Amino acid sequence: MNETLRKYVDCLRLNLRVISLALSRKWIGRQDFEASYDRLAPHYDGAWQHFLRPVTDRLLSQIPPEATGRIVDLGCGTGYAAWQLASLFPQCAITAVDLSSGMLQMAKTKFATTPATFVHLDMLQYLAGQEEQSVSLIVSAWAIGYSQPAAVIREAARVLKKNGLFAFVVNCADTLQPIYQAFRKCMARYPESLARLALPNFPRSGSSLQKMLVRSNFKTVWEQEGRHGITPPIDSQASMLPWLLQTGILAGFEHMLPLQHPGPVNAYFEQLMRQNNDLISHHYLAAIVRKL
Ligand SMILES: C[S@@+](CC[C@H](N)C(=O)[O-])C[C@H]1O[C@@H](n2cnc3c(N)ncnc32)[C@H](O)[C@@H]1O
């Protein structure tokens with residue numbers, strides 16, 4: 001079969017597989033993100049967190065130092081931002097929320113002597129349980145894209161006090177291109193291996209996010225859209241997957257394709273990553289917004 005014909009056939013097989021999975025409602029959901037982050041929690045700081053830190057630090061450094069009362073970190077992971085917030089705002093009570101008990105367990109170790117409250121819950125469920133106008137500052141680093149950004153923004157506006165701040169950084173839909181391109185090519189080449197479907201909620205652009213913020217009565221105090229290069233800490237000929245599966249980049253998505261198991265899909269993914277020398281970069285949107 002020539003290459004063009006093969007592409008058409010692969011595309012047709014993939015579409016049929018997607019329709020069949022959609023009809024049987026095989027979508028990845030919260031429990032898949034939770035399971036992935038529970039699994040990778042012990043490795044997350046060493047394999048990934050330090051790549052995120054420069055952008056997270058920039059966001060935290062721009063927060064006006066005015067918060068008093070309660071601060072909430074949504075999707076706190078292993079607690080990096082929460083820990084920084086505890087030293088920036090020692091007068092405030094910090095609550096760190098995450099879906100993954102494994103990630104929370106790691107976060108707790110950072111707070112051995114500093115008081116903080118840890119909540120094992122989905123971020124929207126947590127916000128729904130909070131009183132109106134009860135929080136001064138909400139922070140969320142690299143996490144709202146796993147939930148529903150518009151709903152999180154709406155709920156944050158309800159829970160924040162007047163003039164309260166919401167500071168967040170989120171991946172854009174086209175982030176980490178070489179990795180997701182290889183993932184999509186594996187889906188097209190091995191559609192029968194596709195076990196579940198995903199509808200990621202990462203925003204497409206700054207303007208789509210701005211619309212959500214304005215609708216919820218937020219005014220932007222500071223914002224930054226950027227690309228942050230990532231150099232994987234491995235030899236160009238070595239396997240990428242053992243590292244990738246510890247980073248969180250494929251969290252949740254690993255339940256769609258059998259990337260964790262040696263086999264043709266796994267081997268094809270590695271081959272595609274080796275052939276693609278494009279820079280891996282995070283495309284992100286960071287903002288600090290004030291509730292009017
Ligand atoms: C990429 S990590 C970011 C962790 C941390 N904020 C940081 O900067 O390192 C995303 C985190 O969001 C959490 N998460 C994903 N979906 C969530 C949800 N619906 N509610 C609460 N936490 C969630 C994951 O468990 C994970 O710890």
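Just so you know, ligand 1 is whichever comes first in the structure, and atom 1 is the first atom listed for that ligand. Computed from a predicted model, the values in this text were never measured in an experiment.
- Between Phe166 and Phe168, the angle of the ring planes lies from 30° to 60°, which puts this pair in the tilted group.
- Grouped by direct or indirect side-chain proximity (heavy atoms under 4.5 Å, Ile/Leu/Val/Met/Phe/Trp/Tyr only), Leu104 sits with Trp83, Phe111, Phe118.
- Between Val18 and Met187 there is no side-chain heavy-atom pair separated by less than 4.5 Å.
- Both the sub-6.0 Å distance and the 45° axial angle are satisfied by Arg53 relative to the ring of Tyr80.
- Put simply, the side chain of His283 does not reach to within 4.5 Å of the side chain of Asn171, judged on heavy atoms.
- Checked for salt-bridge contact, Asp10 and Lys7 miss the test: no charged N lies under 4.0 Å from a carboxylate O.
- Sorted by chain then number, the residues whose non-hydrogen atoms approach ligand 1 to under 4.0 Å are Tyr37, Tyr44, Gln49, Gly75, Cys76, Gly77, Asp98, Leu99, Ser100, Met103, Leu121, Asp122, Met123, Ala141, Trp142, Ala143, Tyr146.
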